[in-house]
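Everything below concerns the one structure shown next.
Chain letters run A, B, ... following the sequence lines, proteins first and then strands; every chain starts at 1. Any value given below was found using the heavy atoms of this structure, including those in side chains, with hydrogens, waters and symmetry copies removed.
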Amino acid sequence: MYALVDCNNFYVSCERLFRPDLKGRPVVVLSNNDGCAVSRSQEAKDLGVAMGQPWFQLQELAKRHGIVAFSSNYALYADLSERVMSVLRDMAPRIEVYSIDESFLDIAGITEREQLGRQIRERVVRWVGIPVCVGIGATKTRAKLANHIAKKNLELAGVFDLEALPIEEQAAWLGRIGVGEVWGVGRKISRRLEALGVRSVADLQATNPETIRQQFGVTLARTVEELRGVACLDMEEVSPRKKQIMVSRSFGQPVRLLDELRQPLVSYAANAGVKLREEGSVTHAVMVFARTNPFRDKYPQYSASRLVPLVVPTQDSRAIIEAAVAGLNDLYRPGYLYQKVGVMLCDLSPAGVDQTDLFAKGDDERSQRLMATMDGLNRRMGRGAVFFAGQGIQRRWMVRSNLKSGAYTTKWAQLQVAHA
DNA sequence: TCTGGGGTCCTAGGACCC
DNA sequence: TCTGGGGTCCTAGGACCC
């Protein structure tokens, strides 16, 4: 038996925690570059603000209704997420942190399930200040659905146990929910299903998994099994080792010259190195890509990538930067307005157990000490305390982030002040 | 003017081998 | 007219998730 605990409008809830005056008002949090709305308060949803809608399209609506927008403040959200999860950790024997704002709890053997759900809600809102909903089901997929129902039906007060109901009542709920709400059914698949007359969750549950497997593949067949109460997905308490690491950003303004592309690329490559060392992995290959803005289709378009294999697997940022720059030099073509570059570390393996070639040595001790020192300084003194010269000092390509709130919980200087 | 940034898994099809 | 068959490995691309 699983409980899925999901924070309500998580990023917006984080912002409101420090701006209680925004309660009851339409609020959105924007993606990088203040591009799209990625989190919306209920009031903003009610005004018709869609998930992922470009902010520039919302200007009019925002002015008319006084929508308040924030740039993303990931340091704040990550910190509050950690606090929510640590409360949850004390309330169930096993927990899988599934994303920044949701966790699965294994609640096998607990009889007072709904009561536990209510306790979770109360404790998280009291101790951290973030509202959550709890969905309970026999499988992860059913718990997800139960959570969806808890969110959409205010009379349930945020907790819904699908398994506590008799079959006919379950069927009534599932018959009213569109098939696209099922975890693992996206836009494309739901359109294909609807064309076959499978419209509601109940419809999908009633289909033969074998037929689904033939027409849609094993993934959706598993989803149907899960809907029927046959658990195919287990708890993953320890997150599996990453298979790839990507760092990329869109620019605040388009960039034309190779030199200007190189600076952000070096930054991303260095950040990828930090993530790689946090994972305790080494990389065998570096992929670089660059592209123009596909939305500006009146300008010439270009998109290219290069995979640069490394003779010696490494976790040294300098080697990653070198490979990335070599790839960029190779793929760069003049005459385009570039909007984005990125670095991907592919083909990762655990550090220290590598089969290297007889004559090639892995990172030597000096390299490891240098990287550890850099990471340590940046951890203690703040990101960017030390960096590579190639990252540049005047960063014209920096992303836009004009509406960002303070680092209320992670920087002494920006602590919230309470007035007596 | 202005359209996010990560990830995972699965499948199809080509290259290559015997 | 007729042009093997089966296996593996790799890559690209699609679909999904948050």
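Between S41(A) atom OG and E15(A) atom CD the span is 12.0 Å, to the nearest 0.5 Å. Note that CG of N8(A) is 9.5 Å distant from CD1 of I130(A), once rounded to the nearest 0.5 Å.
Under a 4.0 Å N-O distance rule, the pair R113(A)/E163(A) does not qualify as a salt bridge.
Within 4.0 Å (heavy atoms only), D101(A) reaches sugar-phosphate atoms of the nucleic acid but no base atom. Here V29(A) lies out of heavy-atom contact (under 4.0 Å) with every strand. Residue-level contact check: R192(A) touches neither bases nor backbone, having no heavy atom under 4.0 Å from any strand. The residue I245(A) sits close only to the backbone: its heavy atoms come under 4.0 Å of sugar-phosphate atoms, none of a base. Contacts of N32(A) with the nucleic acid, taken as non-hydrogen atoms under 4.0 Å apart, involve only primed sugar atoms and P, OP1 or OP2. At the heavy-atom level, I100(A) lies nowhere under 4.0 Å from the strands shown. At the heavy-atom level, R222(A) lies under 4.0 Å from the strands shown only through sugar-phosphate atoms. Contacts of E102(A) with the nucleic acid, taken as non-hydrogen atoms under 4.0 Å apart, involve only primed sugar atoms and P, OP1 or OP2.
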Under a 3.5 Å cutoff on both atom distances, Watson-Crick or G-U, what's the dot-bracket for DNA chain C ([ ] crossing, | other strand)? ....||||||||||||||
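Not a single donor-acceptor pair under 3.5 Å links the side chain of N73(A) to the backbone N or O of K404(A).
Between Y338(A) and Y332(A), the gap from one ring centroid to the other is short of 6.0 Å.
In this structure, S31(A) and G217(A) both approach DNA chain B, and ranking their closest nucleotides by distance from the 5' end singles out S31(A). Comparing V247(A) and F56(A) by the nucleotide of DNA chain B whose heavy atom lies nearest to each, the residue mapping closer to the 5' end is F56(A).
Here D34(A) pairs with nothing under the salt bridge (Lys or Arg N to Asp or Glu O under 4.0 Å) rule; sequence neighbours left out.
Classification of the Y74(A)-Y11(A) ring pair by plane angle, with boundaries at 30° and 60°, yields perpendicular. Using cut-offs of 30° and 60° on the angle between ring planes, the pair Y2(A) and F104(A) is perpendicular.
The two residues V179(A) and E194(A) have their closest heavy-atom pair at CG1-OE2, 4.1 Å.
In the 5' to 3' direction, nucleotides of DNA chain C lying under 4.0 Å from heavy atoms of chain A begin and end at dA15(C) to dC18(C).
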